[in-house]
Amino acid sequence: MTTNPTLAELADKATATRDRPAYGHDALITCDRLVRVFSVEGVEVQALQGLDLLVREGELMALVGASGSGKSTLMNILAGLDTPTAGAAQVAGHNLLAMSAKDRLYYRRKVVGFIWQQTSRNLLPYLTAAQNVALPLQLAGGRRSRARTERALELLELLQVADCRDRRPHEMSGGQQQRVAIAVALACDPAVLFADEPTGELDSHTAEQIFAAFRTANEELGTTIVIVTHDRAVATEVRRTVAIRDGRTSTEVLRRSEVDETTGNETLVAREYAMLDRAGRLQLPAEYTRALGMRDRVALDLEQDHITVWPDDSGHS
Ligand code: ADP
Ligand code: MG
């Protein structure tokens with residue numbers, strides 16, 4: 001005979017699970033100690049070295065980092081084009097390490113949308129803008145031709161490139177092509193858009209327009225968006241910028257608006273944070289450690305509400 005648990009037992013159980021929530025349990029994207037090693041002619045390149053990243057549903061965030069820091073490697077994994085050597089990655093409930101070929105196709109068609117740096121990689125050259133946007137809908141099936149065209153025109157309108165509907169890519173500017181590419185990526189209403197340096201080939205004014213298009217998609221459609229960029233100006237337009245260094249997330253800048261009580265003016269206040277991993281490891285910004293000559297070993301003091309880090313004063317070497 002089974003007996004119903006008592007309230008006290010239920011409460012105990014609830015506390016136990018609350019005390020130990022799984023890493024990233026409430027995130028839309030979870031990367032947990034991701035490692036990707038490439039082997040080229042017997043030489044190993046560690047592109048990702050235990051990268052942790054959480055992205056919440058509805059976020060519009062930027063990933064920045066020097067060339068070769070692992071940004072595209074991460075994007076390719078999240079897009080389902082590549083698999084990590086170790087670690088875990090989950091996007092909208094899909095475990096990226098355990099997808100069958102069929103799951104992978106579904107994932108790439110319906111769950112995520114992609115925009116690449118090379119404008120030419122995003123669109124088919126012999127199709128018009130409207131046909132390019134309607135194509136993923138046709139591949140996904142389920143909509144009639146007329147409904148597909150309507151949806152395509154709606155998206156082109158939303159991204160302010162409706163005038164390009166009947167033009168082929170070579171008849172559009174780079175900026176127009178990228179906005180049409182965003183429409184293509186949004187066609188099947190994906191949970192997440194990934195963009196790898198989408199403004200890399202464009203001038204700053206055009207980059208601004210592309211960024212506005214991403215913001216529109218985020219605000220109007222609620223799509224979660226992750227943009228890789230090395231454009232500092234673009235990075236400051238989002239609330240959260242995560243920096244990748246040597247295949248790991250290193251620091252994060254959060255911006256929030258503050259209203260000045262006397263003038264009523266709204267300003268964005270930015271604050272830089274360092275990542276603390278589950279083992280308690282912390283990466284201090286190189287400018288800070290260099291300024292104080294810190295290396296190899298530092299002294300720590302626990303204060304009531306903070307921790308102080310001192311240069312090594314032990315005299316040992
Ligand atoms: P980013 O996009 O930040 O510039 P990448 O992710 O492209 O950096 O590259 C990270 C590192 O991994 C680099 O050292 C790069 O040379 C290496 N790498 C990336 N892709 C491959 C590959 N397919 N084969 C071998 N090495 C690669
Ligand atoms: Mg890259």
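When a ligand or atom number is given, it counts from 1 through the structure's own listing order.
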Verify the distance test for Gln117 against the Mg ion (ligand 2): any N/O/S atom under 2.8 Å, yes or no.
no
Under a 4.0 Å heavy-atom limit, does Val40 contact ligand 1 with its side chain, its backbone, both, or neither?
side chain
Can you tell me if Leu300 has over 12 outside heavy atoms packed within less than 6.0 Å of its CG?
yes
Would the number of heavy atoms belonging to other residues, nucleotides or ligands and lying under 6.0 Å from CD of Glu261 be above 12?
no
Are any of the side-chain heavy atoms of Asp246 and Ser69 separated by less than 4.5 Å?
no
Is any N or O atom of Gly70, backbone or side chain, closer than 3.5 Å to an N or O atom of ligand 1?
yes
Does the protein place a non-hydrogen atom closer than 4.0 angstrom to atom 15 (C) of ligand 1?
no
Donor-acceptor pair, side chain of Thr85 and main chain of Val37, under 3.5 angstrom
yes
Report yes or no: does Asp103 contribute a side-chain atom to a donor-acceptor pair with the main-chain N or O of Ser100 at less than 3.5 Å?
yes
Sole residue of Glu252, Arg255, Glu272 in side-chain hydrogen bond (donor to acceptor under 3.5 Å, both in side chains) with Thr241
Arg255
Shortest heavy-atom approach to atom 1 (P) of ligand 1 - which of Ser39, Gly68, Gly65, Ala47
Gly68
Nearest non-hydrogen atom to atom 9 (O) of ligand 1 belongs to which of Asp246, Val228, Asp82, Thr73?
Thr73
Tell me whether Ala66 reaches ligand 1 (any heavy atom closer than 4.0 angstrom to a ligand atom).
yes
Checking a contact table here: which protein heavy atom is nearest [atom], and how many Å away?
{"atom": "atom 19 (C) of ligand 1", "value": "Phe38 CE1, 3.5 Å"}
{"atom": "atom 7 (O) of ligand 1", "value": "Ser72 CB, 3.7 Å"}
{"atom": "atom 17 (C) of ligand 1", "value": "Val45 CG1, 3.8 Å"}

Taking atom types as modelled, find out whether Ser314 and Asp312 have a side-chain donor-acceptor pair closer than 3.5 angstrom.
yes
